There are 2 protein chains.
Amino acid sequence: MPKESLREKLLDAGFRVMYGKGYLGAGIRDIAAEANAPLGSFTNHFRSKEDFAVEVLERFFAETKKVVEQALQDTSLSPCARLRRYLDLITNRLESRGFTCGCMIGDFSLESAPHSEKLRARLAGIFAEWRAPFAACIAEAQATGEIGSAFEPEDLAEFLLASWEGAILRMKVERNAAPLERFKAIAFATVFQPPATSHRPTRNRVQ
Amino acid sequence: MPKESLREKLLDAGFRVMYGKGYLGAGIRDIAAEANAPLGSFTNHFRSKEDFAVEVLERFFAETKKVVEQALQDTSLSPCARLRRYLDLITNRLESRGFTCGCMIGDFSLESAPHSEKLRARLAGIFAEWRAPFAACIAEAQATGEIGSAFEPEDLAEFLLASWEGAILRMKVERNAAPLERFKAIAFATVFQPPATSHRPTRNRVQ
DNA sequence: TGACACAATACGTACGAACGTATTAGTTAA
DNA sequence: TTAACTAATACGTTCGTACGTATTGTGTCA
């Protein structure tokens, strides 16, 4: 084998730079410099910036999945508490960066979905994959009555993750935890609560 | 007065181009070309792209405020129905663009908040101004019992707008109305509903 | 009334930097 | 020796911005 590859270092650096400055905002040279790698190594390992970004996004998602696992598979907590735990863990991570960075998945959704069909398609897949364990957890909560069964678990999971992205978006402008805490307080006091009345209608179907 | 100014045409074009391609994605030349204006006119009228973007954002917000007014001041509807009407009006607008464009305020929040302190500060102000009429409407709904009073109207308004931004974000990736309809269905069946039980605790305070 | 200075704007062009990408020579280790 | 990779440089384009000049309407004064 030849010299030790800089591929991993480039992806790590790309993760940091793109997380902070977005897809368009992060230049190839910024990334190479952050990785202490020459520009040629980038060309050697990646066909294009777009392909590179897909791999970086994959990395971010892999990290996110770890957090999901950590929170949602903690069977010492009730299903609902597990959901909350996930949001708390993410909150801690966002705080550690001073609330300046949000979620790369959300960032890419807004910024690169119009530019790159490749990224958009992958993002759609990521959302589906992301949602699954949450839907499972919500289904469990519905089975125990901890959450109302008025909506499908998949719809509630989508709602949770999408709205959470919205809270993160607000956080980025406000630069503090208030939008996150507000979301958690309201969501877990309303949507993710036992059914209020006993005469709930049959399960709603989101059209 | 000299020749007819191209300032307005440039702002209109900037609105269209930046709405579609984002702040970084939209080049000065794209905008000038869209306005059928020479590049020099841009320089003549605007100190910088950043300053230009603030004015474009102002334009978008002015349009948004019109929709807010149209929906929230329709006293033929109940307060809660007015909130829903706003979301429906926005849904129609998003549909007319094929769900490819979202909300410029949200887009700029993610994309330009890290780059431009000027834009970030204005965005924070815009959100506060945007929230006010919703908070008033929610307060009215709480007074009539149409919505529970467990949370402050301002917090609920923030929650509504932030989560709605999250739904729009998802819409941009999915390219259809499902995330929007899902949000409306769930939100108005849970958060924006009368208090479920009669023994609600005293009003929660979001920390 | 008419010449003229003025301000505001249009307009074409140019600058320097940064962009993403490509090329080529050199280095390393199996 | 050869494949994999580093390393440096170069290419063509586009970026945001700046400058110099032309053009146009307006107010002023002889």
Side-chain angles (χ1 to χ4, degrees), chain A residues 1-57 107-108 111-120 122, chain B residues 1-57 107-108 111-120 122:
Chain A
M1 212 206 293
K3 278 197 197 174
E4 189 190 353
S5 172
L6 293 179
R7 186 185 161 88
E8 287 300 301
K9 289 180 79 171
L10 280 167
L11 283 168
D12 272 347
F15 180 93
R16 289 192 296 275
V17 177
M18 283 191 170
Y19 193 20
K21 313 212 284 182
Y23 176 66
L24 292 172
I28 299 292
R29 286 166 181 79
D30 298 340
I31 295 166
E34 172 82 13
N36 285 325
L39 199 47
S41 293
F42 187 94
T43 309
N44 181 58
H45 288 294
F46 306 99
R47 195 181 309 270
S48 70
K49 182 185 182 182
E50 191 184 6
D51 287 352
F52 178 77
V54 172
E55 290 207 41
V56 168
L57 176 61
D107 295 351
F108 278 27
E111 192 186 7
S112 18
H115 281 92
S116 159
E117 178 56 26
K118 209 177 290 186
L119 276 165
R120 194 195 67 81
R122 184 63 193 114
Chain B
M1 214 205 289
K3 281 197 196 174
E4 188 191 354
S5 173
L6 294 178
R7 186 184 161 88
E8 288 299 302
K9 288 180 78 172
L10 280 166
L11 283 168
D12 272 347
F15 180 94
R16 288 192 297 276
V17 177
M18 282 191 170
Y19 193 21
K21 312 212 283 179
Y23 175 66
L24 291 172
I28 299 292
R29 285 166 183 79
D30 299 340
I31 294 166
E34 172 82 13
N36 284 324
L39 193 51
S41 293
F42 186 94
T43 308
N44 183 59
H45 286 295
F46 305 99
R47 196 181 308 268
S48 69
K49 183 185 183 183
E50 192 184 6
D51 286 352
F52 178 77
V54 173
E55 289 205 43
V56 167
L57 177 61
D107 295 350
F108 277 27
E111 194 186 6
S112 17
H115 281 91
S116 158
E117 178 56 26
K118 210 178 288 186
L119 276 165
R120 195 194 67 82
R122 184 61 195 116

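In the text below, chain A, chain B and the rest are named by the order of the sequence lines, each starting its count at 1. Remember, it's a predicted structure, so these values are computed and weren't measured experimentally.
When the side-chain nitrogen and oxygen atoms of B:His45 are compared with OP1 and OP2 of C:dA8, none of them lie within a distance under 4.0 Å.
Between B:Lys21 atom NZ and D:dT14 atom P the separation is 11 Å, expressed in whole Å. In this structure, the CG atom of B:Leu6 is 13 Å from the C1' atom of D:dT24, given to the nearest Å. Atom CG in A:Asp51 sits roughly 9 Å away from atom P in C:dT21 (whole-Å rounding). Distance CG (B:Asn44) to C1' (C:dT9): 5 Å, rounded to an integer number of Å. To the nearest angstrom, P of D:dG16 lies 8 Å from CZ of B:Phe42. At whole-Å resolution of the value, NZ in A:Lys9 and P in D:dC5 are 15 Å apart. Nucleotide D:dA18 holds its P atom 16 Å from the CZ atom of B:Phe52, rounded to whole Å. Atoms NE2 (B:His115) and C1' (D:dC15) sit 13 Å apart, rounded to a whole Å.
Nearest heavy atoms, B:Leu10 versus B:Ala32: CD2-CA, 4.0 Å.
For A:Thr43, the listed nucleotide lying nearest its side chain is C:dT21; candidates were D:dC5, C:dT21, C:dA10.
Taking 4.5 Å as the limit, some side-chain heavy atom of B:His115 sits within range of a side-chain heavy atom of B:Leu24.
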Study note, to complete from the structure: Nucleotide by nucleotide, nucleotides 15-20 of chain C touches protein heavy atoms under 4.0 Å in the pattern (B base, S sugar-phosphate only, - none) ----BB
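No donor-acceptor pair under 3.5 Å is formed between the side chain of A:Glu55 and the backbone N or O of A:Leu11. Panel note: side chain A:Lys21, backbone A:Gly27; no donor-acceptor pair is recorded below 3.5 Å.
Listed by chain and residue number, B:Phe46, B:Phe52 satisfy the ring pair (Phe, Tyr, Trp, His ring centres under 6.0 Å) test with B:Phe42 (two or more places apart in sequence, or in another chain).
Residue pairs meeting the salt bridge (Lys or Arg N to Asp or Glu O under 4.0 Å) criterion with at least one partner in residues 33-43 of chain B, sequence neighbours excluded, are B:Arg16-B:Glu34.
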